[in-house]
Amino acid sequence: MTAAVSIKNLRVTFNGAAVLEDITCKTRCGELTVIVGRSGSGKSTLLRAVNRLNECFPGCSTTGVVRLSLHDGQLAVYADGTCPERLRGRVGMVFQSPNVLPLSIERNMLLPQRLVRGITGRAAEEIMRRMLRRVGLFDEVCDRMDAQAATLSGGQQQRLCLARALALEPEVLLLDEPTASVDYQSARRIEDLLLSLKDELSLLVVSHSLPQTRRLADRVLLIREGRLTGQWHRGQANADAAFEKMLSTTF
Amino acid sequence: MTRFHRLFSALCWACALLPGAVMLLLIGFLLRQGWGSLDLHLLFGDTPPLDALFRFVPVWDGIWPACFGTLCVVVLAGVISIPLGILCGIHLSEFAQGRFRDILSFCVDLLAGMPSILMGLFGFALILFLRHTLLPDVGTGLLLSGFCLGLLVLPYMVNATYTSLSSLPQDLRLLGPSLGLNHMQSIRHILLPSAGKGIVSGLVLSLGRAAEDTAVIMLTGAVANAGMPRSLFDKYEALPFYIYTTAAEYQTPEDLNRGFGAALVLLVMTTGLFLAAHLLHQAMERRWRRG
Ligand SMILES: Nc1ncnc2c1ncn2[C@@H]1O[C@H](COP(=O)(O)OP(=O)(O)OP(=O)(O)O)[C@@H](O)[C@H]1O
Ligand SMILES: [Mg+2]
C-alpha cells in the first residue's frame with residue numbers, strides 16, 4: 001500500500017533556531033493520523049510543513065522531503081516545480097484558532113470556492129449547503145447566512161472553517177485541534193465526521209485529548225521538543241498496551 | 001481608586017474633550033466672522049450663478065474660480081498620489097524585504113517630513129529646468145501644482161496603506177494562502193479590503209492636506225486674478241491662496257470677512273470630499289462583504 005504522506009529528514013528552522021528536527025515518518029491511505037505532544041513541541045509547525053504554510057513566515061527555512069500521494073500520483077511537496085498555491089488548494093487546513101474571513105457566513109463558503117476552484121452560482125451554493133450539513137452547522141445558520149461569520153460562537157466558527165476547507169474538496173486535510181473550542185456533543189459529531197472522511201482523504205489531526213486520540217487514531221505521532229519520539233499504529237503487536245505506555249507520559 | 005488613578009483619568013478625560021472643544025471654537029469663530037458674507041455674491045460676484053456654472057461666463061468679483069481651481073488641484077493630486085501611494089504601500093508591506101524595505105520606508109518618511117515650501121521650490125525649479133531644456137514654452141499651472149501636491153501627500157498614502165496592511169493579524173495573512181489563494185488573490189480579496197479603513201483615513205488626510213496647502217501652489221501656478229483655468233497648463237485661482245492674500249492685503253473689515261467666508265467654503269469643500277471618500281469606502285466594503 002502506498003504512503004499517503006511520507007516525510008523524510010524534515011527540518012524546520014525559524015530565524016536559525018530549529019523547531020522541528022529529523023522527522024521521518026509515513027502515514028497510510030485510509031488512515032487517520034493523530035499528532036500529539038506538549039504545547040510548543042512543534043505540532044502546528046509539522047502540519048504547516050505539509051502544505052508549505054511555514055514559508056509565509058519570514059525567517060523560516062525547511063529542508064527534507066515531504067511526499068503526498070494524490071489521485072493523480074505522487075507529489076513532492078518541496079520540489080522546485082511544485083507550485084505552493086496549487087498544493088494548498090489540494091491540501092486543506094483548519095487552524096488551531098477559528099479563522100473566519102471578516103465576511104458573511106455565505107461569503108466565507110463561496111469566496112474560496114470561486115477563487116480556488118472557479119465554482120460559482122448554484123453549484124457552489126449546493127456544495128456550501130452540503131458541507132454545512134456535514135459539519136452539523138446548517139440548521140444553526142440557515143436563517144442567517146448573511147450575518148457576519150465573526151458573530152458565530154467559537155465552536156460554530158471552527159465548524160464553519162472545517163466546512164469551508166471541505167468545500168474545496170481537498171485530498172489531504174490538516175486539522176489543528178479541530179475540537180478545541182467545541183462542546184462535547186459537537187466534538188463527538190466532528191469526530192464522527194472525521195472518521196467518515198478517512199476513506200475519502202488523508203487526515204492529519206493534532207489533538208490535545210487522550211480520549212479523543214484513542215477514539216480517532218489509526219496512527220499516532222508523538223512529538224517532543226521538535227523530534228519524533230514515538231510512533232504507534234493500530235495494527236502493531238500489543239497495540240493497547242503500547243498506546244497506554246506511549247501516551248501516559250504526554251497527557 | 002487611588003488618588004493618582006483618579007487624577008490620571010480626569011486628565012485623560014479633559015484631553016479627550018480638547019479636540020472637540022477646539023473644533024467647536026474654530027468653527028464657531030469662522031461662522032461668526034464669515035457667516036455674514038456667505039452668499040451667492042461671495043461666490044459669483046455680479047455674474048448670474050447659472051451663467052457662471054454652465055456657460056462659463058467669467059466671474060470677476062467672486063471666489064467661484066478659486067473653488068474650482070482648488071477642486072482641480074485636489075483632484076489632480078489625488079489622481080497622482082492615490083494609486084501610486086496605495087501600490088507603493090502594498091509593495092512595502094507585501095513584497096519588499098530586508099534592507100531594501102528599510103531604505104524605501106526611510107525615503108517615504110523623509111518625504112513625509114519635507115516642508116511644503118521645499119516641494120513648491122522643487123516644482124518651480126523643475127519648470128525652469130524644463131523651460132531651458134526640452135519645453136521652452138511651459139509655465140507654471142494647474143498640472144504642475146497638482147503634481148507637486150501629489151508628491152507632497154504621497155507619503156501619507158504610502159504610510160497609511162503600509163501600516164494598515166502590515167498591522168493585520170498574522171492569522172488573517174495566513175488564511176488566504178492556507179485556502180490555496182495565490183498572493184495576488186490574497187491581497188486583492190482579503191488583505192486590502194481588511195485594511196480599507198486605514199487606507200481611507202490616509203486618503204482623507206491626504207485630500208485635506210492637498211486642499212489646504214498654500215506654499216506649494218504659490219510657487220507653482222496659483223495667482224490672484226486668473227479667472228477660470230482654460231487648460232491643465234493654465235494659471236488658476238485657489239481658495240487657500242485667496243484667503244492668504246485677503247488676510248495679507250485687506251483694506252476694509254468687509255474684505256477680511258470675505259476671507260473668513262472663503263475659509264468656510266473651503267471647510268465645506270473638504271468636508272464634502274471626506275464624505276465622498278467615506279461613502280465610496282462604505283460602498284466598496286458592502287460589495288466586498290456581500291459579494
Ligand atoms: N512563526 C514563527 N516564528 C518563530 N518561531 C515560531 C513560529 N511558529 C512557531 N514557532 C516556534 O516553534 C515552536 C513550536 O511551535 P508550534 O506552534 O508548532 O507548537 P505546537 O506544538 O503547535 O504548540 P500548541 O500545542 O501550543 O499549539 C515554538 O517554540 C514556537 O515558538
Ligand atoms: Mg499548535
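Lettering follows sequence order; numbering is per chain, from 1.
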Out of [options], return the one with the most heavy atom pairs under 4.5 angstrom to chain B.
options: A/Gly89, A/Pro102, A/Ser104, A/Ser97; answer: A/Pro102
options: A/Gln148, A/Glu106, A/Met93; answer: A/Gln148
options: A/Asn108, A/Val100, A/Leu101; answer: A/Leu101
options: A/Asn51, A/Asn99, A/Val116; answer: A/Asn99

Between CG on residue B/Asn182 and CZ on residue A/Arg86, distance to nearest 0.5 Å
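Those atoms lie 11.5 Å apart.
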To the nearest 0.5 Å, tell me how far A/Leu111 CG sits from B/His189 NE2.
6.5 Å
By a 4.5 Å heavy-atom criterion (distance strictly below it), what part of [X] contacts chain B: side chain, backbone, both, or neither?
X: A/Leu53; value: both
X: A/Val94; value: neither
X: A/Arg114; value: side chain
X: A/Glu55; value: neither

Does A/Phe138 have any ring pair (Phe, Tyr, Trp, His ring centres under 6.0 Å) partners at least two apart in sequence or in another chain, and if so, which?
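Ring pair (Phe, Tyr, Trp, His ring centres under 6.0 Å) list for A/Phe138, sorted by chain: empty.
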Would you say CZ of B/Arg209 has more than 12 non-hydrogen atoms from neighbouring residues, nucleotides or ligands within 6.0 angstrom?
yes
Results of salt bridge (charged side-chain N to carboxylate O under 4.0 Å, His left out) for A/Glu126 - residues two or more places apart only
A/Arg129
Could you tell me which residues in residues 148-181 of chain B have at least one non-hydrogen atom under 4.5 Å from a non-hydrogen atom of chain A, sorted by residue number?
B/Gln170, B/Asp171, B/Leu172, B/Leu174, B/Leu175, B/Pro177, B/Ser178, B/Leu179, B/Gly180, B/Leu181
Interface residues of residues 93-122 of chain B facing chain A - non-hydrogen atoms under 4.5 Å apart:
none
